[in-house]
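Computed from a predicted model, the values in this text were never measured in an experiment.
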Amino acid sequence: MFSPSGSLLQLDYAHTAALEKSLPILSFVVANSNPNSNSKSTPSVIFATLTKSKRLRQKQISPPGFYMIDKSIAALGSGLIHDANEVASIARGARLDFKKTYGNEYESKGSSIHYIAQACSKRFQKLSLQLQRPYGCALVLGGVISSVPELYVINPSGGIICRKHVAFGINSESIRKKLKMKFNDGDCGEGCDSLEEGIKLAAALLHEAKESMGAKGGDELGDSGSQYDIEIKFVNEEGTFVVEGEEIERLVSESRAESRR
């Protein structure tokens, strides 16, 4: 069904569900590209989101899903989680296809992450072209190949965006503004010099989102920020790692102390 302006209403609803009404998620690359920095950091991609309590899950509102695509590639899906599960399966299949096509030299044949993003995009676009129900989700796909971190967003219409950082969901406007300042609007900006700095930045931004929910008396679902937890993972060529809750709390405390100085 088309709107009077000519847009496909199903896609409009899918965009709203995946990019505006989901819990806030953010992701960015960590690559020490600052020549003036003395720190050394393993190239990584950070994925961070808020997770919900069991009570909120009983409302049938799905939290963002985290997916392992391969050892050094992962994804975050927002919106309708069963749709995101299907897209993640497509991504895993595309990764295997890439390996089979190029054999042992597959990593030297170009970016397999971009190949995966294109495979997912084609599936999104096929549904739109056939006027079927589009996927009500978006996928943030990232990883590290040959020491180069990459990050892509596939939106419900099948568009692919390659960025140094991304953030969307409820109360994500301030997160995007601060990431733009940190990364010089997504271009080859300063970014984060170390993995710890990146994790601290992600923890601080999501903590501010939680506080914003509390200041407004709750989010759009009527739930306060205290009913959410911060979840942070990062991926590099060695694998995927989870940042423990105690470490997140420590980094949030350090960030708040630094902001008061």
Side-chain angles (χ1 to χ4, degrees), residues 18-19 22-31 41-52 62-79 81 83-85 87-89 91-92 95 111-114 116-117 120 137-145 148-155 160-172 175-176 178-180 182-183 186 191-192 194-210 228-245 247-249 251-252 255:
L19 303 178
S22 66
L23 282 175
I25 73 173
L26 63 93
S27 183
F28 53 86
V29 302
V30 175
S41 181
T42 302
S44 308
V45 177
I46 292 175
F47 299 89
T49 184
L50 296 182
T51 58
K52 302 176 182 180
S62 299
F66 180 82
Y67 306 96
M68 279 297 303
I69 307 303
D70 203 353
K71 178 182 178 182
S72 60
I73 304 173
L76 265 179
S78 70
I81 204 65
D83 285 355
N85 291 342
V87 178
S89 296
R92 295 188 184 105
R95 174 64 169 168
S111 171
S112 59
I113 303 178
H114 184 255
I116 295 169
C120 295
C137 66
L139 196 73
V140 179
L141 177 71
V144 182
I145 302 295
V148 178
E150 298 179 59
L151 184 65
Y152 296 88
V153 179
I154 303 101
N155 62 42
I160 301 175
I161 304 173
C162 178
R163 294 295 302 269
K164 298 290 184 182
H165 64 83
V166 62
F168 49 80
I170 300 170
N171 294 330
S172 62
I175 295 177
R176 283 194 294 270
K178 292 181 180 180
L179 285 175
K180 284 181 179 180
K182 184 67 176 176
F183 287 84
C192 295
S194 68
L195 181 59
E196 182 174 356
E197 180 189 356
I199 294 172
K200 181 187 290 188
L201 174 63
L205 291 175
L206 286 180
H207 181 76
E208 290 178 12
K210 285 179 58 177
Y228 297 92
D229 294 321
I230 297 172
E231 184 176 288
I232 301 176
K233 297 181 176 71
F234 64 91
V235 60
N236 55 37
E237 288 186 301
E238 297 179 359
T240 300
F241 304 88
V242 178
V243 182
E244 299 296 334
E247 178 68 7
I248 293 174
E249 291 179 3
L251 293 172
V252 168
S255 180

Participant: Shortest non-hydrogen contact from Lys210 to Tyr228?
Facilitator: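 Nearest heavy atoms, Lys210 then Tyr228: NZ-O, 3.0 Å.
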
Participant: Backbone N or O of Val252 within a donor-acceptor pair of the Ser255 side chain at under 3.5 Å?
Facilitator: no

Participant: Hey, is Arg163 close enough to Glu150 for a salt bridge, meaning N to O under 4.0 Å?
Facilitator: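 The answer is no: the pair does not qualify as a salt bridge.
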
Participant: Please report the shortest heavy-atom distance between Lys182 and Glu197, naming the atom on each side.
Facilitator: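 Nearest pair, atom of Lys182 first, then Glu197: NZ-OE2, 2.7 Å.
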
Participant: Taking C-beta and beyond as the side chain, do Leu195 and Ile46 meet within less than 4.5 Å on heavy atoms?
Facilitator: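 In contact.
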
Participant: Just wondering, do Leu139 and Leu76 contact through their side chains at under 4.5 Å, heavy atoms?
Facilitator: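 Not in contact.
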
Participant: With the side chain counted from C-beta on, respond yes when Val166 and Leu26 share a heavy-atom pair under 4.5 Å apart, and no when they do not.
Facilitator: no

Participant: Can you list the residues that meet the side-chain hydrogen bond (donor to acceptor under 3.5 Å, both in side chains) rule with Lys178, with sequence neighbours excluded?
Facilitator: Glu208

Participant: Nearest 0.5 Å please: distance from the CD1 atom of Ile113 over to the SG atom of Cys162.
Facilitator: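 Reported value, rounded in 0.5 Å steps: 9.5 Å.
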
Participant: Hey, what do you get for CD1 (Ile175) to NZ (Lys180), rounding to the nearest 0.5 Å?
Facilitator: 13.0 Å

Participant: Heavy atoms only: give me the nearest Val243-Ile199 pair and the separation to one decimal.
Facilitator: CG2-CD1, 3.8 Å

Participant: Answer yes or no for Lys233 and Phe241: cation-pi contact, defined as NZ/CZ to six-membered ring centre under 6.0 Å and angle to ring axis within 45°.
Facilitator: no

Participant: Nearest 0.5 Å please: distance from the CD1 atom of Ile116 over to the CG atom of Asp70.
Facilitator: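 Rounded to the nearest 0.5 Å, the CD1-CG separation comes out at 7.5 Å.
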
Participant: To the nearest 0.5 angstrom, please state how far the CG atom of Asn155 sits from the CZ atom of Phe168.
Facilitator: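 Answer rounded to 0.5 Å: 9.5 Å.
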
Participant: Does Leu151 reach the side chain of Leu141, with side-chain heavy atoms less than 4.5 Å apart?
Facilitator: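 When only atoms from C-beta onward are counted, Leu141 and Leu151 do not touch, as no gap falls below 4.5 Å.
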
Participant: Could you work out, with side-chain contact (heavy atoms from CB on, under 4.5 Å) as the rule, every residue matching Ala84, not counting sequence neighbours?
Facilitator: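 So Ala84 forms a side-chain contact (heavy atoms from CB on, under 4.5 Å) with Tyr67, Ile81, Cys137.
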
Participant: Verify side chain to side chain contact (heavy atoms under 4.5 Å, CB included) between Leu201 and Leu179, making sure each step is shown before the conclusion.
Facilitator: CA-CA 9 Å; Leu201 174 63; Leu179 285 175; 4.1 Å; yes

Participant: Measure across Asn236 and Pro43 and return the closest heavy-atom pair with its distance rounded to 0.1 Å.
Facilitator: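 Scanning both residues completely, I find the closest heavy atoms to be CB-O, 3.3 Å.
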
Participant: How close do Ile232 and Ala48 get, counting heavy atoms only, and between which atoms?
Facilitator: CG1-CB, 3.9 Å

Participant: Going through the distances and angles, do Ser112 and Ile145 end up as a side chain to side chain contact (heavy atoms under 4.5 Å, CB included)?
Facilitator: CA-CA 8 Å; Ser112 59; Ile145 302 295; 4.0 Å; yes

Participant: Does some side-chain heavy atom of Pro24 sit less than 4.5 Å from a side-chain heavy atom of Leu205?
Facilitator: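 A side-chain contact is absent here, since even the closest heavy-atom pair is not under 4.5 Å.
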
Participant: Would you indicate whether the side-chain heavy atoms of Leu50 and Asp229 approach each other to under 4.5 Å?
Facilitator: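 No, side chains not in contact.
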
Participant: When you compare the side chain of Ile161 with that of Tyr152, does any pair of heavy atoms fall below 4.5 Å?
Facilitator: no

Participant: In Å, rounded to the nearest 0.5 Å, how long is the span from OG1 of Thr240 to CD1 of Ile73?
Facilitator: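 Answer rounded to 0.5 Å: 10.0 Å.
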
Participant: To the nearest 0.5 angstrom, please state how far the CZ atom of Arg176 sits from the NE2 atom of His165.
Facilitator: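 Atom-to-atom, Arg176:CZ and His165:NE2 are 10.5 Å apart.
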
Participant: Ring centres under 6.0 Å, that's the criterion: do Phe47 and Phe234 meet it?
Facilitator: no

Participant: Tell me if a side-chain donor or acceptor on Ser44 pairs with a main-chain N or O of Val30 at a distance below 3.5 Å.
Facilitator: no

Participant: Are any of the side-chain heavy atoms of His207 and Ile230 separated by less than 4.5 Å?
Facilitator: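 Of all side-chain heavy-atom pairs linking Ile230 with His207, at least one is under 4.5 Å.
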
Participant: So which atom in Gly143 and which in Val235 form the shortest heavy-atom distance, rounded to 0.1 Å?
Facilitator: CA-CG1, 4.1 Å

